[in-house]
Amino acid sequence: QVQLVESGGGLVQAGGSLRLSCTASGRTFSSYAMGWFRQAPGKEREFVATIARIGGITNYADSVKGRFTISRDFAKKTVYLQMNSLKPEDTAVYFCAAELGDWGTSDATKYDYWGQGTQVTVSS
């Protein structure tokens, strides 16, 4: 069992930055690939980024590539999403998720555990 708790969301102006954190409970953090997804009002949940179980290997949605960076700290059992050059269209609830696998995937249905989400609002 893994519990995930996100933090770091908030209100920021366009062009600004935020860093989201997702801290996992339990002893098996290193068994999971991790992902970030987001859901804007009236829209479906969409893939943002993944990082492999062992770290280092990442994948990004085209819409955030070059602006967002996913990373993980095994000692702190935490995965981060550094978001730079934020745009109003990045406004959404951001969720982290854990997949019992090696590489991560953009398919939300493959993930085993989800956090409750943190709101990110980017004003123009």
Side-chain angles (χ1 to χ4, degrees):
Q1 189 82 0
V2 175
Q3 291 185 325
L4 303 172
V5 179
E6 301 99 335
S7 61
L11 173 64
V12 63
Q13 289 188 331
S17 298
L18 283 174
R19 188 177 80 157
L20 306 183
S21 300
C22 171
T23 300
S25 66
R27 297 177 293 178
T28 58
F29 179 66
S30 59
S31 298
Y32 294 85
M34 301 296 295
W36 284 97
F37 291 77
R38 66 187 181 186
Q39 188 166 17
K43 295 187 177 181
E44 296 200 352
R45 192 168 297 189
E46 67 172 357
F47 163 70
V48 175
T50 61
I51 188 165
R53 179 178 62 81
I54 61 172
I57 299 170
T58 58
N59 188 33
Y60 297 92
D62 288 343
S63 60
V64 306
K65 202 170 293 183
R67 301 188 298 122
F68 290 12
T69 303
I70 188 171
S71 60
R72 65 191 298 170
D73 184 326
F74 291 96
K76 295 182 179 180
K77 298 181 182 178
T78 298
V79 61
Y80 302 100
L81 186 68
Q82 178 66 45
M83 306 186 295
N84 299 329
S85 302
L86 282 161
K87 304 175 181 180
E89 51 263 45
D90 294 317
T91 294
V93 178
Y94 283 71
F95 300 88
C96 72
E99 182 217 1
L100 190 60
D102 289 330
W103 308 116
T105 173
S106 59
D107 183 352
T109 66
K110 303 297 185 183
Y111 284 79
D112 301 283
Y113 300 101
W114 290 84
Q116 292 300 306
T118 185
Q119 176 71 47
V120 171
T121 303
V122 184
S123 63
S124 58

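Not one N or O on the side chain of Gln116 forms a donor-acceptor pair closer than 3.5 Å with the backbone of Glu6. A donor-acceptor pair is defined here as one N or O able to donate and one able to accept, closer than 3.5 Å; no such pair exists between the side chain of Lys76 and the backbone of Thr23. With hydrogens and angles ignored, the 3.5 Å screen pairs a side-chain donor or acceptor of Ser25 with a backbone N or O of Gln3. Of the possible donor and acceptor atoms, none in the side chain of Arg72 sits under 3.5 Å from a partner among the backbone N and O of Gly55. Side-chain atoms of Tyr32 do not come within 3.5 Å of backbone N or O of Ala97 as any donor-acceptor pair.
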**Message:** Applying side-chain contact (heavy atoms from CB on, under 4.5 Å) to Phe68 and Leu81, what does each step give before you reach the verdict?
**Reply:** CA-CA 7 Å; Phe68 290 12; Leu81 186 68; 4.1 Å; yes
**Asked** Yes or no on side-chain contact (heavy atoms from CB on, under 4.5 Å) for Thr91 and Gln119, after CA distance, side-chain angles and deciding distance?
**Response** CA-CA 8 Å; Thr91 294; Gln119 176 71 47; 4.1 Å; yes
**Asked** Hey, mind stepping through Phe29 and Thr78 against side-chain contact (heavy atoms from CB on, under 4.5 Å) and telling me if it holds?
**Response** CA-CA 8 Å; Phe29 179 66; Thr78 298; 5.7 Å; no
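Rounded to the nearest 0.5 angstrom, Tyr113 OH and Cys96 SG are separated by 13.5 Å. Distance check: Trp36 CH2 to Thr50 OG1 gives 13.0 Å after rounding to the nearest 0.5 Å. Here the CE-OG1 distance, from Met83 to Thr69, works out to 11.0 Å after rounding to the nearest 0.5 Å. If you take NZ on Lys87 and OG on Ser124, they are separated by 14.0 Å, rounding to the nearest 0.5 Å. Atoms CD1 and CD1, from Ile57 and Ile51 in turn, are 9.0 Å apart once rounded to the nearest 0.5 Å.
Pairs engaging residues 97-124 under the salt bridge (Lys or Arg N to Asp or Glu O under 4.0 Å) rule: Arg53-Asp102 [sequence neighbours left out].
Residues Val48 and Tyr94 share a closest heavy-atom pair of CG2-CE2, 4.3 Å. The two residues Leu4 and Ala98 have their closest heavy-atom pair at CD1-N, 3.8 Å. In terms of heavy atoms, Gly117 sits closest to Val93 at CA-CG1, 3.8 Å. Closest heavy-atom contact between Ala92 and Ala40: CB-N, 3.8 Å. The minimum heavy-atom distance linking Trp114 with Ala108 is given by the pair CZ2-O, 3.4 Å. Residues Ala49 and Tyr60 approach most closely at CB-CD2, 3.6 Å, considering heavy atoms.
With hydrophobic clusters built from ILVMFWY side chains whose heavy atoms lie under 4.5 angstrom apart, Leu20 does not share a cluster with Leu11. In terms of hydrophobic clustering, with Ile, Leu, Val, Met, Phe, Trp and Tyr side chains grouped at heavy-atom distances under 4.5 Å, Ile54 and Met34 are assigned to different clusters. Under the 4.5 Å side-chain heavy-atom criterion for ILVMFWY residues, a single connected hydrophobic cluster contains both Ile70 and Val64. Two different hydrophobic clusters hold Val79 and Val5 under the rule that ILVMFWY side chains link at heavy-atom gaps under 4.5 Å.
No side-chain heavy atom of Asn59 sits under 4.5 Å from any side-chain heavy atom of Trp103. Within the 4.5 Å cutoff, the side chain of Arg38 has heavy atoms near those of the Asp90 side chain.
Cation-pi contact between Arg19 and Tyr80: present, with separation from the ring centre below 6.0 Å and deviation from the ring axis of at most 45°.
For Val12, the side-chain contact (heavy atoms from CB on, under 4.5 Å) partners are Leu18, Leu86, Val122, not counting sequence neighbours.
A salt bridge links Asp62 with Lys65: at least one charged nitrogen is closer than 4.0 Å to a carboxylate oxygen.
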